[in-house]
Protein chains: 2
Amino acid sequence: MIRLLLAEDQRMMMGALALLLGLEDDMEVVAQVPAGDEIVAAALETRPDVALLDIELPGRSGLDAAADLRDQLPSCKVLIVTTFGRPGYLRRAMEAGASGFLVKDGPVEDLAAAIRRVLAGERVIDPGLAAAALSAGPNPLTPRERDVLTAAVDGATVADIAAKLHLSQATVRNYLSAAIGKTGTRNRIEAVRAARRNGWL
Amino acid sequence: MIRLLLAEDQRMMMGALALLLGLEDDMEVVAQVPAGDEIVAAALETRPDVALLDIELPGRSGLDAAADLRDQLPSCKVLIVTTFGRPGYLRRAMEAGASGFLVKDGPVEDLAAAIRRVLAGERVIDPGLAAAALSAGPNPLTPRERDVLTAAVDGATVADIAAKLHLSQATVRNYLSAAIGKTGTRNRIEAVRAARRNGWL
DNA sequence: CCCGGCCCGTGACATTTGTCAGCGCGCTTC
DNA sequence: GAAGCGCGCTGACAAATGTCACGGGCCGGG
């Protein structure tokens with residue numbers, strides 16, 4: 001029996017997948033968690049063979065959780081299953097030790113197949129996405145630029161960002177300007193969107 | 001047999017739901033469409049009793065499709081199933097003649113139950129959401145303000161928006177300012193976010 | 001050791017953005 | 001027909017934003 005852990009915040013999706021995978025003869029869903037910060041605890045308790053993780057989860061990112069799992073339960077393979085096929089996500093998933101990366105756009109049938117392949121030691125990666133990840137190149141943003149950009153997503157003003165990050169306003173503007181330059185965009189909004197699209201966030 | 005149509009752009013979700021609902025004795029999935037502009041054609045061909053529609057679909061919004069269905073195939077009940085429980089969405093769904101409104105956050109079990117209730121003539125609405133929709137009040141934005149705001153989502157400058165909508169830059173700024181005022185926010189980014197959150201977009 | 005990169009800051013500058021007061025036009029509603 | 005509202009426009013103003021050149025400190029690699 002292949003023991004599975006599911007992490008996914010859309011409960012309907014998680015429930016559907018759990019039922020579906022449970023129908024496979026050789027699979028068994030041993031844990032379902034709706035938040036990123038519950039993954040490790042659930043995994044340590046239930047000892048799954050494969051963990052299916054969404055990326056955008058409340059509490060803790062699925063990518064971070066993947067890294068945690070690699071450290072604390074290396075026997076457990078990680079398969080990232082996400083809505084957004086962003087190049088930077090794939091890259092980070094690989095760095096976090098994930099064994100596979102699927103987008104939810106694909107057919108359900110792929111899922112069980114991917115699980116078996118991952119368990120056999122293979123790496124399963126969406127082929128189109130792999131190309132995009134390679135052509136996109138690595139993240140050009142420095143850590144600080146990322147911080148400032150992420151702080152700017154919800155419409156915060158320069159003053160807000162400066163206060164949140166304990167920086168001078170002028171410094172914030174400089175970082176913002178640098179990020180805008182590196183993303184080849186015209187203002188912070190476009191910069192944020194471009195960075196997100198690439199998974200640089 | 002209850003004949004079902006599914007419209008959903010995340011194929012994995014759609015596939016999982018189709019399989020799952022197909023397991024119910026009295027249900028049968030007769031159509032699966034991944035785009036909003038294919039819904040009506042598929043419905044006319046397959047004559048479903050209930051259509052499960054996502055809102056954010058490529059091609060045409062599920063809400064618009066719901067209105068189309070009411071006109072062209074009134075025998076078909078519409079159940080909106082969406083990720084985002086935005087008050088304005090619920091309101092618009094009701095105006096488009098939908099019989100039910102579920103969020104994907106809920107458990108899968110609810111789904112089959114909701115389908116049966118909708119078919120029995122009941123209205124199925126997430127209770128928490130109904131309260132939010134009532135307390136949020138109707139959309140305060142004028143059509144033009146909406147246009148300008150939606151044109152601003154991807155970081156377009158005032159000049160871009162003016163060009164796209166064939167308006168003077170000053171006019172665009174005025175609409176933007178009005179929208180900012182009505183949403184009680186501080187700049188266009190916050191205004192866009194607030195409007196989206198409420199489903200005023 | 002020196003170079004380069006990242007970090008954090010300054011000051012000055014042009015541009016963009018948001019606000020306000022007003023104008024005329026057309027429509028609906030009372 | 002007057003009042004109210006949405007539409008589109010103008011002009012002017014303050015504030016926020018983006019750009020540039022520049023400084024210093026800290027670190028790691030050649």
Side-chain angles (χ1 to χ4, degrees), chain A residues 88 91-92 95 136-201, chain B residues 88 91-92 95 136-201:
Chain A
R91 181 180 298 267
R92 283 199 274 160
E95 285 164 4
N139 189 339
L141 273 48
T142 71
R144 227 45 182 142
E145 287 161 2
R146 268 210 313 278
D147 293 342
V148 173
L149 219 45
T150 42
V153 291
D154 36 351
T157 68
V158 171
D160 295 339
I161 305 173
K164 195 178 332 184
L165 299 182
H166 309 290
L167 288 177
S168 134
Q169 300 205 7
T171 305
V172 170
R173 292 220 302 263
N174 283 341
Y175 281 130
L176 238 17
S177 184
I180 291 169
K182 288 183 180 177
T183 50
T185 50
R186 295 174 302 167
N187 55 49
R188 65 178 69 186
I189 315 180
E190 287 190 359
V192 165
R193 287 174 58 88
R196 271 159 101 99
R197 181 159 29 81
N198 286 312
W200 290 342
L201 209 162
Chain B
R91 181 179 298 268
R92 284 200 274 159
E95 284 164 5
N139 188 340
L141 276 61
T142 72
R144 228 45 183 140
E145 286 162 3
R146 268 211 313 276
D147 292 343
V148 172
L149 217 47
T150 43
V153 290
D154 36 350
T157 67
V158 171
D160 295 339
I161 304 172
K164 195 180 326 186
L165 300 183
H166 309 292
L167 288 177
S168 135
Q169 300 205 7
T171 305
V172 170
R173 289 221 302 265
N174 284 341
Y175 280 130
L176 240 16
S177 184
I180 291 169
K182 288 184 180 175
T183 50
T185 50
R186 293 174 305 165
N187 55 48
R188 64 177 70 186
I189 316 180
E190 287 190 359
V192 165
R193 287 174 57 87
R196 272 160 99 100
R197 181 160 30 79
N198 286 314
W200 292 340
L201 203 164

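The chains referred to below are lettered A, B, ... by the order of the sequence lines, with proteins before strands, and numbering in each begins at 1. Computed from a predicted structure; not experimentally measured. Computed from heavy atoms alone, side chains included, the values below leave out hydrogens, waters and symmetry copies.
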Find every protein N or O atom lying less than 3.5 Å from an N or O atom of nucleotides 25-30 of chain D, and list the pairs.
none

So which protein N/O to nucleotides 14-23 of chain D N/O distances come out below 3.5 Å?
| unit_1 | atom_1 | unit_2 | atom_2 | d |
| --- | --- | --- | --- | --- |
| D:dT17 | OP2 | A:V158 | N | 3.1 |
| D:dG18 | OP1 | A:R188 | N | 3.1 |
| D:dG18 | OP2 | A:R188 | NE | 2.9 |
| D:dG18 | OP2 | A:R188 | NH2 | 2.8 |
| D:dG18 | N7 | A:R173 | NE | 2.9 |
| D:dG18 | O6 | A:R173 | NH2 | 2.8 |
| D:dT19 | OP2 | A:S177 | OG | 3.1 |
| D:dC20 | N4 | A:N174 | OD1 | 2.9 |

So, using side-chain hydrogen bond (donor to acceptor under 3.5 Å, both in side chains) as the criterion, who are the partners of [X] when residues are at least two apart?
| X | result |
| --- | --- |
| A:R144 | A:D147 |
| B:R196 | none |
| A:D160 | A:T157, B:R186 |
| B:S177 | none |

(request) Return the value, rounded to whole Å, for the distance between atom CG of A:L167 and atom P of C:dT10. (result) 11 Å
Enter the distance from [X]:[atom1] to [Y]:[atom2] here, rounded to the nearest 0.5 Å.
| X | Y | atom1 | atom2 | answer |
| --- | --- | --- | --- | --- |
| B:E145 | B:N139 | CD | CG | 9.0 Å |
| A:R146 | A:L141 | CZ | CG | 7.5 Å |
| A:Y175 | A:K182 | OH | NZ | 10.0 Å |
| B:L201 | B:T150 | CG | OG1 | 6.5 Å |

Name all residues meeting the side chain to side chain contact (heavy atoms under 4.5 Å, CB included) criterion together with [X]; count only those two or more places apart in sequence or in a different chain, and write none if there are none.
| X | result |
| --- | --- |
| A:A170 | A:S168 |
| A:A191 | A:L149, A:I180, A:T183, A:T185 |
| A:R197 | A:A194 |

(message) I'd like to know if the side chain of A:N187 and the backbone of B:G155 have a donor-acceptor N/O pair within less than 3.5 Å.
(response) yes
(request) Please round to 10 degrees the angle between the axis of the first five pairs and the axis of the last five pairs in the helix from C:dC1-D:dG30 to C:dC30-D:dG1. (result)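 One end axis against the other gives 30°.
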(message) What I'd like to find out is whether the side chain of A:V148 reaches to under 4.5 Å of the side chain of A:R188, using heavy atoms alone.
(response)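 A:V148 vs A:R188: side chains apart.
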(message) Any non-hydrogen side-chain atom of A:L165 less than 4.5 Å from a side-chain atom of A:V172?
(response)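 No, side chains not in contact.
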(message) I need a per-nucleotide contact map over nucleotides 23-30 of chain C, read 5' to 3'. Cutoff is protein heavy atoms under 4.0 Å; write B for the base, S for backbone only, - otherwise.
(response) --------
(request) Within residues 140-149 of chain A, find the residues that approach DNA chain C with a heavy atom at under 4.0 Å, and present them sorted by residue number. (result) A:T142, A:P143, A:R144
(message) Does C:dC8 have OP1 or OP2 under 4.0 Å away from a side-chain N or O of A:S168?
(response) no
